[in-house]
Amino acid sequence: MDAAAREAPEGGLEWRVTVPEGASVAVEHEAGAAARAWAWALARAAAAWSAVAGLAGKVWRIGKDDPRRAVHGLKVALALALVSVFYYSRPLYDGVGGAAMWAIMTVVVVFEYTVGGSVYKCFNRAVATASAGVLALGVHWVAGKTGQFEPYILTGSLFLLAAAATFSRFIPTVKARFDYGITIFILTYSLVAVSGYRVDELAALAQQRLSTIAIGIFMSLAVAVFICPVWAGQELHLLTTRNMDKLADALEGCVEDYFAAGPRRPAQAKSAGYRCVLNAKASEDAQANLARWEPPHGRFGFRHPYAQYGKVGAAMRACAYCVEALASCAAAEAQASEHAKRLLRDACARVAARCARVLREASRSVATMTASRALDFAAADMDTAVHELQGDMRSLPSALAAETPLVDTMPVFTVASLLVEISARVEGVVDAVDELATLANFKQVVDGDDDDDDKKGEAEMTTKVHPLNEPDTDVEAPSPGSQTAKAS
């Protein structure tokens with residue numbers, strides 16, 4: 001310990017600062033217990049305020065992104081307030097007895113964000129409660145005739161029915177549509193069967209609970225359907241169209257990232273849109289299952305082919321896997337030479353743009369529920385661009401034989417091959433959309449029904465079905481490789 005440290009007063013803090021001249025200055029600071037406690041309290045208060053402000057910001061952003069979430073909270077509160085009248089009003093309370101609280105519990109457990117979710121839970125709860133109650137009353141009546149064997153019969157029936165019902169939840173079809181109902185069935189049967197052994201007026205008790213549950217179900221459905229309804233079918237419909245647009249943007253973004261001039265740049269935000277498509281299967285399956293329970297609304301009638309949306313989503317995911325591989329090529333360390341990229345850049349960009357156009361036309365067809373010839377024109381345009389790219393790929397080795405080793409051109413060949421595969425999988429998306437249009441009876445658009453913009457876009461695609469026949473005025477002069485491909 002040096003002399004300066006020994007000279008420091010006891011209980012004090014010392015900082016030693018070295019100035020440019022090499023001298024040192026000792027600065028002493030004494031902090032009492034009260035000052036340290038005050039500083040700690042201020043720090044904790046600032047941290048608490050920061051946490052509260054961050055939480056408030058998240059809540060605000062959630063409500064701003066989708067105001068229907070805030071409306072849903074108000075709808076649940078309204079349903080609970082209305083159903084609580086049966087508990088606070090003496091005439092209504094006397095009509096349903098002490099089981100009025102079951103109506104409030106029913107609203108809490110069956111009210112969902114979408115109409116389909118609410119109908120699904122209401123139907124399952126009503127059917128399961130009624131069937132379990134009637135079955136329990138029947139078993140209780142039979143068991144009551146046996147005298148001292150009544151508890152054994154009730155316990156045995158409870159064991160068998162609970163085991164069978166629980167096992168049925170492993171059946172995929174039953175689990176997808178009636179999982180909640182089976183849970184309510186087990187719960188209701190257990191309550192009625194067990195409590196019936198000690199309750200004299202079991203039928204009256206079951207009738208009161210059924211009536212209050214029916215009141216809760218009716219109130220939940222009335223609020224969910226008639227006040228700012230959120231339809232699961234429409235949510236599935238919009239999810240499909242949004243994912244198509246994101247997939248189109250991601251495809252174009254990945255090709256732009258790969259062929260960007262200069263040093264490698266970070267991936268664009270739109271290039272990651274394919275991840276939304278890959279992660280959408282659970283949402284698509286859940287919404288398709290709930291949409292089947294919804295009544296007709298808008299252009300979504302009875303037996304609307306919601307299952308076909310799952311096939312469209314599967315076709316999009318097959319395409320998204322290739323786009324993910326394309327994004328990996330853009331972020332890879334091993335890259336082709338700039339000269340090799342330049343020879344295939346225009347053809348690859350053209351294929352990506354045509355594939356993206358097909359996806360956007362398919363999205364537009366699904367969004368408007370119309371079947372237009374523009375999708376067929378875009379698909380034909382995409383096929384032509386793919387044939388051009390394949391021709392340039394065949395001519396590329398001869399064009400680079402004397403300049404670049406073939407092994408250094410493999411990365412760009414990989415990208416071009418992925419684009420060819422993506423175009424084939426985009427055709428699968430088109431086929432799935434065409435099947436959806438047939439099953440859902442999409443409106444057939446004739447020439448007189450399109451607006452001026454749609455006519456202009458269709459005319460543009462009609463004239464550009466064969467881009468080989470028109471000069472490229474906005475690109476560089478064709479390379480020897482591309483000339484050879486076009487000649488072949």
So, do [X] and [Y] sit near enough that their side-chain heavy atoms are less than 4.5 Å apart?
X: R169; Y: T183; value: yes
X: I182; Y: S168; value: yes
X: L247; Y: L251; value: no
X: R242; Y: L239; value: yes
X: D179; Y: V174; value: no
X: M244; Y: M316; value: yes
X: R299; Y: K443; value: yes
X: R292; Y: R177; value: yes

Passes side-chain contact (heavy atoms from CB on, under 4.5 Å), T114 versus W231? Steps please. CA-CA 5 Å; T114 62; W231 303 99; over 6 Å; no
Applying side-chain contact (heavy atoms from CB on, under 4.5 Å) to I217 and T106, what does each step give before you reach the verdict? CA-CA 7 Å; I217 288 174; T106 299; 3.8 Å; yes
Is the closest side-chain donor-acceptor distance between T370 and S372 under 3.5 Å?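 T370 vs S372: no donor-acceptor pair found between side chains.
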Go through the side-chain N and O atoms of S157 and Y189 and say whether any donor and acceptor fall under 3.5 Å apart. yes
Test your reading of the model: is there a side-chain donor-acceptor pair from [X] to the backbone of [Y], 3.5 Å cut-off?
X: S363; Y: L359; value: no
X: T129; Y: A126; value: no
X: D381; Y: F377; value: no
X: K75; Y: C228; value: yes
X: S423; Y: V420; value: yes
X: S131; Y: A128; value: yes
X: N289; Y: A176; value: yes
X: T166; Y: A163; value: no

E294 vs V119, side-chain contact (heavy atoms from CB on, under 4.5 Å): CA-CA, chis, key distance, verdict: CA-CA 7 Å; E294 293 179 342; V119 174; 5.7 Å; no
Under 4.0 Å between a Lys/Arg side-chain N and an Asp/Glu carboxylate O for [X] and [Y]?
X: E421; Y: R425; value: yes
X: D346; Y: R350; value: no
X: R360; Y: E252; value: yes
X: R345; Y: E256; value: no

Should we say atom CZ of F123 is surrounded by more than 12 heavy atoms from elsewhere, each under 6.0 Å from it? no
Looking at [X] and [Y], what are the two nearest heavy atoms and their distance?
X: G273; Y: K246; result: O-CB, 3.9 Å
X: A347; Y: D392; result: CB-OD2, 3.3 Å
X: C322; Y: I422; result: CB-CG1, 3.4 Å
X: E361; Y: A374; result: OE1-CB, 3.5 Å
X: A362; Y: V433; result: CB-CG2, 4.1 Å
X: V192; Y: A136; result: CG1-CB, 3.4 Å

Can you tell me how far apart [atom1] ([X]) and [atom2] ([Y]) are? Round to the nearest 0.5 Å.
X: C122; Y: F111; atom1: SG; atom2: CZ; value: 9.0 Å
X: S220; Y: L78; atom1: OG; atom2: CG; value: 10.5 Å
X: Q287; Y: Q234; atom1: CD; atom2: CD; value: 11.5 Å
X: E112; Y: Y180; atom1: CD; atom2: OH; value: 8.5 Å
X: D434; Y: F442; atom1: CG; atom2: CZ; value: 10.0 Å
X: C348; Y: M393; atom1: SG; atom2: CE; value: 8.0 Å

Give a yes/no verdict on a cation-pi contact between K341 and Y258, requiring under 6.0 Å between NZ or CZ and the six-membered ring centre and an angle within 45° of the axis. yes
Over 60° means perpendicular and under 30° means parallel, so tell me whether H297 and F300 are parallel, tilted or perpendicular.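 The arrangement is parallel - the two ring planes meet at less than 30°.
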With side-chain contact (heavy atoms from CB on, under 4.5 Å) as the test, would you mind laying out the steps for V230 and H72 before giving the verdict? CA-CA 9 Å; V230 178; H72 174 67; over 6 Å; no
Please test D285 against K281 for salt bridge (Lys or Arg N to Asp or Glu O under 4.0 Å), starting from the C-alpha separation and ending with a verdict. CA-CA 6 Å; D285 293 342; K281 177 175 174 52; 3.2 Å; yes
